[in-house]
Number of protein chains: 2
Amino acid sequence: MRERNLAVVLEQVVHCQPVTRARLAEQTGFTKTTVSNLLAVLESAGLVQDGALVQGGERGRPGIAVSVNGDGAAALGLEINVDYLAACVLDLGRRTRYHQLVTFDNRGRPPEAVISSLGRLAAEAVAAAAGQGLLVAGATVAVPGLLDRENGLVRRAPNLGWTDVPVSTLLRDALPDLPIPATHDNEANLAALAELWFGDGARHGGFIHVSGEIGIGAGIVMDGQVLRGAHGFAGELGHLVVEPGGAPCTCGGRGCLEQFAGQDAILRAAGLPAVTATTAAKPDGPIRALLDLLEHSDQRALAALDGAGRALGATLASAVNLVDPGAIVLGGIFSPLASWIRPAVEAALGEGSGSLRTAVPPVVASELAGNAAVLGAAGVVIERVIGHPALLLPS
Amino acid sequence: MRERNLAVVLEQVVHCQPVTRARLAEQTGFTKTTVSNLLAVLESAGLVQDGALVQGGERGRPGIAVSVNGDGAAALGLEINVDYLAACVLDLGRRTRYHQLVTFDNRGRPPEAVISSLGRLAAEAVAAAAGQGLLVAGATVAVPGLLDRENGLVRRAPNLGWTDVPVSTLLRDALPDLPIPATHDNEANLAALAELWFGDGARHGGFIHVSGEIGIGAGIVMDGQVLRGAHGFAGELGHLVVEPGGAPCTCGGRGCLEQFAGQDAILRAAGLPAVTATTAAKPDGPIRALLDLLEHSDQRALAALDGAGRALGATLASAVNLVDPGAIVLGGIFSPLASWIRPAVEAALGEGSGSLRTAVPPVVASELAGNAAVLGAAGVVIERVIGHPALLLPS
DNA sequence: CTATTTAATCCATACAGTTTACTAATATGG
DNA sequence: CCATATTAGTAAACTGTATGGATTAAATAG
């Protein structure tokens with residue numbers, strides 16, 4: 001019971017950053033006494049701290065500004081990707097306190113080796129955080145693949161070449177011991193959550209975050225949660241069919257969106273070499289080249305993006321009709337390409353979605369660029385701490 | 001706090017129907033004393049009742065079977081539809097205790113008139129329930145149209161001819177006063193929930209319920225809840241585009257699924273007269289005629305269903321990739337037509353959904369036929385009573 | 001300098017669930 | 001047939017947690 005009430009108060013503090021105890025009492029419905037008591041507990045756990053005096057009304061005693069303690073607990077986000085490993089530490093004030101990206105060609109490396117490298121990165125991050133007076137409360141790992149979260153497995157991570165890898169146990173062994181046990185989640189889901197927590201996704205009530213990488217995934221966020229589906233495979237936007245009977249896709253189908261708007265397809269249409277195992281080692285390389293062409297108004301490149309945008313918009317129209325998002329957020333490679341791809345996306349979206357709804361949802365570019373997944377991973381830990389502050393109590 | 005614990009115990013009773021106090025204590029984590037106390041409260045509210053003795057283990061004192069009181073509280077489900085009004089009363093044991101369907105051509109009738117007719121139907125139902133010793137706890141109304149639930153409006157109900165009707169206030173005036181305030185919801189959503197609660201939708205973890213009527217809607221159920229979307233417009237399966245640039249649709253788009261698998265489209269393809277305002281008055285009339293043709297293996301009718309099934313399957317493939325349901329449930333007119341339409345649906349579904357997932361979700365026919373929406377409406381009330389039993393306490 | 005307004009805290013009380021002990025009802029086994 | 005083990009349920013004392021009203025603290029208005 002106290003556990004829940006601690007969470008209620010802490011959530012309110014987080015959302016209204018500097019608040020007085022009196023205002024918290026109003027908003028939570030607790031009495032001022034109760035709020036004071038709960039805050040005392042949270043303060044002893046290092047989660048909140050008193051600040052300066054604040055003049056609330058016209059006159060009367062000023063209140064004490066309570067805010068989240070940015071130097072207490074911290075969250076560790078980790079990311080395994082095809083060509084790099086990344087770690088970041090966020091404090092409860094959502095400021096980045098540490099960020100590290102190590103390029104690493106993880107293709108074909110045994111999972112154990114990859115995860116022990118990740119463990120070293122995590123240890124460094126925890127040490128760096130400790131050096132800043134921060135206590136890392138927990139960690140979440142972003143993985144690029146289909147997960148079976150119930151059994152703690154990576155079912156398939158095609159780009160890493162992993163199949164049925166027991167990440168859960170591997171992570172338990174490799175990561176440092178933290179108060180809150182480590183979790184892992186799909187990269188696309190975490191990127192979408194990052195948009196919710198750190199981008200401006202929260203303003204739209206639910207949105208679809210399209211994360212274009214080598215494939216095209218989507219994270220569907222509704223009511224502050226990711227839509228996972230019955231088996232955790234929801235959001236496979238890249239395999240919606242654009243052209244029935246079209247070009248064969250790696251998924252076994254034909255005419256999938258990925259064949260029209262995947263990274264390789266766009267590059268090929270723009271006359272650039274497709275990404276291969278060797279050229280991919282340099283991140284952003286191929287997209288950089290594409291941007292150069294676009295900035296010089298290369299006709300072929302512009303046409304490539306128009307085509308990709310139309311295909312993307314057409315499938316998004318289906319998604320809009322089914323899921324009714326408040327916005328479409330373009331993430332991953334579509335984020336830097338947004339200026340060029342958005343017009344076609346919006347056009348196709350407008351044609352394909354019925355007139356029953358008043359307006360087509362806005363299409364916006366993500367501001368988080370490539371860091372979305374790690375940020376989202378750290379965000380999961382922050383949300384967990386805020387939702388279950390009792391986990392960090394000095395027992 | 002007690003409120004929550006009452007709900008926990010009651011939910012457990014509902015799910016394990018005849019249970020002893022000792023077993024409830026194990027399952028909920030409360031002590032036996034607490035369970036006894038909470039049950040005493042629930043019993044005084046008429047929600048549960050003690051039954052016969054039950055021999056739990058090998059030996060020892062037999063426990064008292066506690067079960068939901070089928071003669072205490074009851075739920076009233078109401079439905080407004082184009083050509084009828086319906087009401088049904090379910091007890092907490094989910095048995096139908098009263099059911100009434102009045103044909104009524106509601107097209108064009110002023111909303112006030114329709115709702116006051118509904119009010120009379122509701123009053124009769126409450127009286128009938130009282131005659132059986134049941135106390136109606138609350139009511140929910142199924143409405144065929146797009147709702148703005150926040151403001152209590154029917155935004156648009158094309159088949160009724162309603163626009164921006166303030167149902168919330170109209171219902172408050174027309175319905176009898178009940179302990180739990182009346183709510184309303186979309187017909188398709190409620191039908192999907194009925195499948196979850198009264199059909200076998202619960203076995204699949206999340207499903208898509210396709211409700212074919214004059215249009216085609218879908219209710220997406222995930223984690224025991226309907227996916228509503230940012231504006232409550234989710235599930236517009238009927239307006240996913242099957243053939244870009246195809247036949248114009250009432251929604252303003254082109255080549256929508258409704259143009260291939262809507263009731264009118266199927267009837268036309270089968271050589272039957274389309275449904276008009278006059279012929280629709282006889283419910284099931286046109287579908288009955290179609291079934292006759294199908295049962296006599298009429299080639300044109302069979303081909304019509306094959307075509308409709310392929311179109312439906314193709315759009316469902318998109319839905320499967322996006323939402324990853326555990327099953328597809330065919331409801332509304334597709335339920336009686338299931339035997340003929342399912343093969344084509346499954347075929348198209350198999351072609352269009354990638355091989356990343358292990359298997360295509362099963363396509364099953366709903367067993368609830370036309371009553372799904374009313375049942376779902378009553379189910380909402382039951383869920384509400386079970387989730388908030390404190391609302392019915394003798395204060 | 002006093003009255004007033006607002007913020008935060010102190011102390012006694014009530015509520016709700018746990019603990020511990022006890023009674024009730026059945027089966028096993030000598 | 002009676003003692004014992006076993007399981008179900010109840011009763012009384014105990015503990016933690018929030019509430020309510022009174023109290024102290026700090027500012028402004030006059």
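To find a chain, count down the sequence lines: A is the first, B the second, and so on, and within it residues start at 1.
Remark: A:Arg4 engages no residue in a salt bridge (Lys or Arg N to Asp or Glu O under 4.0 Å) (not counting sequence neighbours). Partners of B:Arg203 according to the side-chain hydrogen bond (donor to acceptor under 3.5 Å, both in side chains) rule, which considers only residues two or more places apart in sequence or in another chain, are B:Asp200.
Spacing between atom CD of A:Glu3 and atom C1' of D:dA18 amounts to 17 Å, rounded to whole angstrom units. In this structure, the CZ atom of A:Arg4 is 22 Å from the P atom of D:dG16, given to the nearest Å. Between the CG atom of B:Leu24 and the P atom of D:dT7 there is a distance of 18 Å, given to the nearest Å. Look at CG on B:Asp50: it is 9 Å from P on D:dG9, rounded to the nearest Å. A straight line from NZ of A:Lys32 to C1' of D:dT19 spans 13 Å, rounded to a whole angstrom. Atoms CZ (A:Arg59) and P (D:dG30) sit 7 Å apart, rounded to a whole Å. We find that CG of B:Leu53 is positioned 16 Å from P of C:dA24, with the value rounded to whole Å.
Minimum atom distance to the side chain of A:Pro62 is reached by D:dA27, of the listed D:dA27, C:dT9, D:dA18. Distance from the side chain of B:Phe30 is smallest to C:dT18 among C:dT26, C:dT18, D:dT19. Side-chain atoms of A:Arg61 lie closest to C:dA8 of the nucleotides C:dA8, D:dA27, C:dG17. Each of D:dA18, C:dT18, D:dG20 was ranked by its minimum atom distance to the side chain of A:Thr33; first place goes to D:dG20. Checking D:dA8, D:dA18, D:dT19 against every side-chain atom of A:Met1, the shortest atom distance belongs to D:dA18.
For DNA chain D, the residues of residues 5-19 of chain A within the heavy-atom distance limit of 4.0 Å (strictly under) are A:Asn5, sorted by number. Of the residues in residues 37-49 of chain A, not one comes within less than 4.0 Å of DNA chain C through any heavy atom.
Applying the salt bridge (Lys or Arg N to Asp or Glu O under 4.0 Å) test to every pair with at least one member in residues 37-55 of chain B, sequence neighbours left out, gives these pairs: B:Arg21-B:Asp50. Every pair passing salt bridge (Lys or Arg N to Asp or Glu O under 4.0 Å) that includes a residue from residues 374-390 of chain B is listed here, sequence neighbours excluded: B:Arg94-B:Glu383.
Side-chain nitrogen and oxygen atoms of A:Ser36 include at least one within less than 4.0 Å of the OP1 or OP2 phosphate oxygen of C:dT9. Taking side-chain N and O atoms only, A:Thr34 has no distance below 4.0 Å to OP1 or OP2 of D:dA18. B:Arg2 has a side-chain polar atom (N or O) that falls below the 4.0 Å cut-off from OP1 or OP2 of C:dG17. The phosphate of D:dT10 has OP1 or OP2 within less than 4.0 Å of a side-chain N or O from B:Arg21.
A donor-acceptor contact closer than 3.5 angstrom is absent between the side chains of A:Thr33 and A:Ser36.
Ion pairing between a basic and an acidic side chain is recognised when a charged N comes within 4.0 Å of a carboxylate O; B:Arg95 and B:Asp71 show no such pairing. Salt bridge absent: B:Arg172 and B:Asp177 never bring a charged side-chain N and a carboxylate O closer than 4.0 Å.
Between A:Asn69 and A:Leu47 there is no side-chain heavy-atom pair separated by less than 4.5 Å.
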Exercise for review: Test A:Phe207 against A:Leu196 for side chain to side chain contact (heavy atoms under 4.5 Å, CB included), laying out the working first.
Suggested key: CA-CA 9 Å; A:Phe207 59 90; A:Leu196 173 68; 3.9 Å; yes
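Crowding of B:Gln225 atom CD: a count of heavy atoms from other residues, nucleotides or ligands under 6.0 Å not exceeding 12.
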